[in-house]
S.K.: 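Got a structure here, written out as structure tokens. Questions coming.
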Amino acid sequence: MMNMRAHFGGKRRPLLLLLAIALVFLSSVLVYAFTRPAPDGPKPTLGLMTTLPLQWSEGGVEADLAEDAQPHPAFARLSESYDVQPLDDVRDLAERRTLLLAQPRAFSPAELVQLDSWVRKGGRILILADPALQWGSLYPLGDKRRPLFTSMLSPLFAHWGLELVLPIADAEPMAIRKIGKLSIRTQTPGEWLKINRGGSARCALAEGGLLADCKIGKGRALLVADADLLDTAYWEGRGMRVLTGGDEFGNLAWVESLLARLHESDSLSGDFVGHSG
């Protein structure tokens, strides 16, 4: 009888120990959930103008109203830090501080003048402009609902002394680029070139021409020669996400860091864009 008690008692001790550890872990998670500090004040506002299916899907109204409908993961990620407000009219920019243009629609000449004026008065803008978008779509080429294949902002870029070009493609169009500690993956990225030294903006090129950092009047513009980098196909990953719970590539982390750079540059005096290019 003593041997039986010792046998079953010996097996029960590790089980009780594991149960105790699990209870401690669960209680610590609950304590953190209920005691973690709340964010300081409301989220900063981020205006968004895009032809990409970020907030709404391409499945139509029925898909967007379904119970399990979710915005694009890139939109959801940005919404964690910002009050993202989709816009379509540049006249709505007056009181806004920061704007994200991600492969936006074509603007009329008058709208481009308004956008340029808004930046010059102190606006901060991040532009993702793709010369050859590879984003998949349910709509055929030529359909107005399809994301624009190429950026239509060339007049604005030229006014700022820049040109967006598509470098001669290598045998493998997929590109992986190291930016700081981040690995960025995308497809057919473009490149910024300076075309007018006497332009209305003072710009510096970085990351091999993938990024242009411009001081424009009292405002600032960061321009990325690619928009495909928001597509989950290039950053979310599968196997790595299962193992680590994180992104396989740092595309979204880079976009977030660029937005943070715009928010943190309260003073635009001095040559903050550097001396490159």
S.K.: Compare all side-chain heavy atoms of Asp130 with those of Leu128 and state whether any distance is below 4.5 angstrom.
M.R.: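 Contact flag for Asp130/Leu128 side chains = no.
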S.K.: Is the centre of the Trp135 ring less than 6.0 Å from the centre of the His72 ring?
M.R.: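 That pair passes the under 6.0 Å test.
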S.K.: Distance-only, no hydrogens or angles: does the Asn251 side chain make a donor-acceptor pair with backbone N or O of Leu229 under 3.5 Å?
M.R.: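 Yes, because the side chain of Asn251 sits within donor-acceptor range (under 3.5 Å) of the backbone of Leu229.
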S.K.: Just to verify, what does Glu111 make a salt bridge (charged side-chain N to carboxylate O under 4.0 Å, His left out) with, not counting sequence neighbours?
M.R.: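 Checked Glu111 against salt bridge (charged side-chain N to carboxylate O under 4.0 Å, His left out); matches are Arg105.
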S.K.: Quick one: does Trp118's side chain have a donor or acceptor within less than 3.5 Å of a partner on Leu93's backbone?
M.R.: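 It does hold such a pair.
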S.K.: Does any non-hydrogen side-chain atom of His263 lie less than 4.5 Å from one of Pro44?
M.R.: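 Yes, side chains in contact.
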S.K.: Output all residues satisfying salt bridge (charged side-chain N to carboxylate O under 4.0 Å, His left out) with Arg120, sequence neighbours left out; order by chain, then residue number.
M.R.: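 With sequence neighbours excluded, Arg120 shows a salt bridge (charged side-chain N to carboxylate O under 4.0 Å, His left out) to Asp116, given in chain and number order.
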S.K.: Between Lys218 (side chain) and Val119 (backbone), is there a donor-acceptor pair under 3.5 Å?
M.R.: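 Answer holds: no.
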S.K.: To the closest 0.5 Å, what do you measure between CG (Leu78) and CG (Leu48)?
M.R.: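 Separation between the atoms: 8.0 Å.
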S.K.: Are the side chain of Asp247 and the backbone N or O of Gly250 linked by a donor-acceptor pair below 3.5 Å?
M.R.: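 Checked: no pair found.
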S.K.: Below 4.5 Å, heavy atoms only, C-beta onward: do Leu99 and Leu115 meet side chain to side chain?
M.R.: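 Side-chain contact under 4.5 Å: yes.
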S.K.: With a 4.5 Å limit on heavy-atom distance, are the side chains of Leu52 and Asp231 in contact?
M.R.: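 Not in contact.
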S.K.: Would Leu223 end up clustered with Ile216 when hydrophobic side chains under 4.5 Å apart are linked, directly or stepwise?
M.R.: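 Same cluster.
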S.K.: Would you check if the side chain of Trp192 reaches a backbone N or O of Leu205 as a donor-acceptor pair within less than 3.5 Å?
M.R.: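 Looks like no, no N/O pair under 3.5 Å.
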S.K.: For Phe249, run the side chain to side chain contact (heavy atoms under 4.5 Å, CB included) check against Arg185, Glu236, Arg177 and tell me which one passes.
M.R.: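 The option that passes is Arg185.
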S.K.: Is there a donor-acceptor pair closer than 3.5 Å between any side-chain N or O of Thr51 and the backbone N or O of Pro147?
M.R.: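 No: the side chain of Thr51 does not pair with the backbone of Pro147.
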S.K.: Out of curiosity, Leu162 CG to Ser154 OG, how far, rounded to the nearest 0.5 Å?
M.R.: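 Answer for the CG-OG pair, Leu162 versus Ser154, is 11.0 Å.
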S.K.: Taking Ser117 for its side chain and Gln114 for its backbone only, find out whether a donor-acceptor pair lies under 3.5 Å.
M.R.: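 Here the side-chain-to-backbone pair does not exist.
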S.K.: Nearest 0.5 Å, please: how far is CG in Leu112 from CG in Leu156?
M.R.: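 So the CG of Leu156 and the CG of Leu112 are separated by 5.5 Å.
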S.K.: Return yes if some donor-acceptor pair links the side-chain N/O of Arg220 with the main-chain N/O of Arg124 below 3.5 Å, else return no.
M.R.: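 Pair absent, no side-chain N/O of Arg220 close to backbone of Arg124.
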S.K.: With rounding to the nearest 0.5 Å, note down the distance linking CG in Leu262 to CG in Leu126.
M.R.: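 Leu262 atom CG to Leu126 atom CG measures 6.0 Å (nearest 0.5 Å).
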S.K.: Any donor-acceptor pair under 3.5 Å linking the side chain of Thr188 with the backbone of Ala132?
M.R.: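 Between the backbone of Ala132 and the side chain of Thr188 there is a qualifying donor-acceptor contact (under 3.5 Å).
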S.K.: Find the distance between OG1 (Thr50) and CZ (Phe75) and round it off to the nearest 0.5 Å.
M.R.: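 Taking OG1 in Thr50 and CZ in Phe75, the distance rounds to 10.5 Å.
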S.K.: For residues Thr150 and Leu133, determine if any side-chain heavy atom of one lies less than 4.5 Å from a side-chain heavy atom of the other.
M.R.: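 Of all side-chain heavy-atom pairs linking Leu133 with Thr150, none is under 4.5 Å.
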S.K.: Below 4.5 Å, heavy atoms only, C-beta onward: do Phe149 and Gln103 meet side chain to side chain?
M.R.: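 Counting from C-beta outward, Phe149 and Gln103 never come under 4.5 Å.
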S.K.: Does the side chain of Trp235 come within less than 4.5 Å of Pro73's, by heavy atoms?
M.R.: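 Heavy-atom side-chain distance check passes, below 4.5 Å.
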S.K.: Donor-acceptor pair, distance only, cut-off 3.5 Å: does the side chain of Thr98 make one with the backbone of Leu46?
M.R.: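 Not confirmed, Thr98 side chain does not pair with Leu46 backbone.
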S.K.: Answer yes or no: is there a side-chain heavy-atom contact under 4.5 Å between Gln85 and Arg96?
M.R.: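 Sidechains of Arg96 and Gln85: in contact.
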S.K.: Do Thr186 and Asp228 have a side chain donor and acceptor closer than 3.5 Å?
M.R.: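 Not at all, the side chains of Thr186 and Asp228 share no donor-acceptor pair under 3.5 Å.
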S.K.: Leu252, Ile176: one ILVMFWY side-chain cluster at the under-4.5 Å cut-off?
M.R.: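 Same cluster.
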